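I have placed the structure first, in the form of structure tokens, so that the comments after it can refer back to it.
As the structure is a prediction and not an experimental result, all values here were calculated from the model.
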Amino acid sequence: MAASEANTVAAAATGTSNLPAARVRRIIKEDKDIFACGSESLFLISRATEYFIDSLVRESYEFSRLDKRKTVQYKDMAKAVQSIEQYDFLADIIPPTVSVRKLATTETQ
Amino acid sequence: MSDYEGGPANEDDLSLPRATVYKLIAEMLPEDITCAKDTRDLLLDCCNEFIHLVASESNDVCEKEAKKTIAAEHVLTALQDLGFGKYVTEVQEAHDEHRKQQTKDRGRKGSKLSQLGMSEEELLRSQELLFAEARMRFQSQASHAQSNNSTPGSV
């Protein structure tokens, strides 16, 4: 395990989250259909979000690695979202990057 | 260094704190790998969507059980239903740790009384003594004030 993973693992060990509870709660409360969310549920959602970040970052990194790059770029994340079914809910935020050439041809038509 | 904590100025800008998420990203990648800034910001938006998704699904599970408050079990079911079952074991471990922490904190608060080293009877007795002393002080003050104020012939 890399030393850099220490923070996330440490948080798991002590039953805490790296994300601020108050902020997560405010984001949840934006949904007017939600009446109330217990503090334990809040904690679980926080932790799940951390695992989500971990997964998405690693999967995006795989694509940059295939391309032999040292920087994870937008297109890597776009590919990761496209390739994994559970990430379908992100399709609207990450429209797959369209090449400029393609855009130019569709405009002239 | 500015003291500005940086909460969102506008409710619409509500998202997780940038610095925290950037740090998490850095920890998850190998040391020599970086993440482009627009990609990091994109990830922030994805987190928001994820939170909304899980919260909403948890709420649906909660409503189906005719409950009003989202409970831990609802979140775990929601994660399964959404296809994030692989998170469930790890989240459950963290959950158990969290519950242990909570009981530890509660225990610490409760032991304050027992730390005094007095039995309940002794505590009650010492409390009554304190009341009696305070009463005496009050009464002597009151009678002292009365004798000062009273003038012959006054009613």
A/Thr49 side chain near B/Leu16 side chain, heavy-atom distance below 4.5 Å: yes
Residue B/Thr20 versus chain A: region with a heavy atom under 4.5 Å: side chain
Minimal non-hydrogen separation, B/Cys35 against A/Thr71, with atom names: C-CG2, 4.2 Å
Heavy-atom pairs under 4.5 Å with chain A, option from B/Ile25, B/Leu43, B/Val21 with the top count: B/Leu43
Top contributor to chain B contacts, counting heavy-atom pairs under 4.5 Å, from A/Leu44, A/Val57, A/Leu90: A/Leu44
Which of B/Asn48, B/Leu82, B/Leu79, B/Asp96 touches chain A most, by non-hydrogen pairs under 4.5 Å: B/Asn48
Closest approach of B/His98 to A/Phe43 (non-hydrogen atoms, all atoms of both residues): CB-CE2, 3.4 Å
Heavy-atom donor-acceptor pair, A/Glu40 side chain to B/Ala72 backbone, under 3.5 Å: no
Transitive ILVMFWY side-chain link B/Val61 to A/Leu42, under 4.5 Å: no
Aromatic ring pairing A/Phe89/B/Phe50, orientation class (parallel under 30°, perpendicular over 60°, tilted between): tilted
Heavy-atom side-chain proximity of A/Ile27 to B/His52 below 4.5 angstrom: yes
Max heavy-atom pair count under 4.5 Å with chain B, selected residue of A/Ile45, A/Asp33, A/Ile34, A/Asp31: A/Ile34
B/Glu65 atom CD, neighbour heavy-atom count above 12 within 6.0 Å: yes
Within one Ile-Leu-Val-Met-Phe-Trp-Tyr cluster: A/Phe63 and A/Met77, side-chain cutoff 4.5 Å: no
Heavy-atom pair count under 4.5 Å with chain B, highest-scoring of A/Phe52, A/Tyr87, A/Tyr61, A/Phe35: A/Phe52
Side chains of A/Arg47 and B/Glu90 in contact at under 4.5 Å (non-hydrogen atoms): no
Side chains of B/Cys47 and A/Ile53 in contact at under 4.5 Å (non-hydrogen atoms): yes
A/Asn18 side, atom CG; B/Leu24 side, atom CG - distance, nearest 0.5 Å: 5.0 Å
A/Ile94 and B/Asp45, any side-chain heavy atoms less than 4.5 Å apart: no
B/Val75 versus A/Ser41, closest heavy-atom pair with distance: CG2-CB, 3.6 Å
Over all atoms of both residues, closest heavy-atom pair of B/Asp32 and A/Lys70: OD2-NZ, 2.8 Å
Distance, nearest 0.5 Å, that separates OH of A/Tyr74 from NZ of B/Lys37: 14.0 Å
Engaged part of B/Lys67 at the chain A interface, taking heavy atoms whose separation is under 4.5 Å: neither
Among the listed options B/Arg99, B/Lys100, B/Arg40, the residue most often paired with chain A at heavy-atom distances under 4.5 Å: B/Arg99
Atom pair CZ (A/Arg69) and CD1 (B/Ile33), whose distance is rounded to the nearest 0.5 Å: 10.0 Å
Verdict with reasoning, A/Thr16 to B/Glu97, per side chain to side chain contact (heavy atoms under 4.5 Å, CB included): CA-CA 8 Å; A/Thr16 55; B/Glu97 268 307 315; over 6 Å; no
Heavy-atom proximity to chain A below 4.5 Å, by part of B/Gln92: neither
4.5 Å side-chain heavy-atom contact, B/Pro17 and A/Pro20: yes
B/Thr39 side chain reached by A/Asp76 side chain, heavy atoms, under 4.5 Å: no
B/Tyr87 vs A/Ser55 side-chain heavy atoms within contact, under 4.5 Å: yes
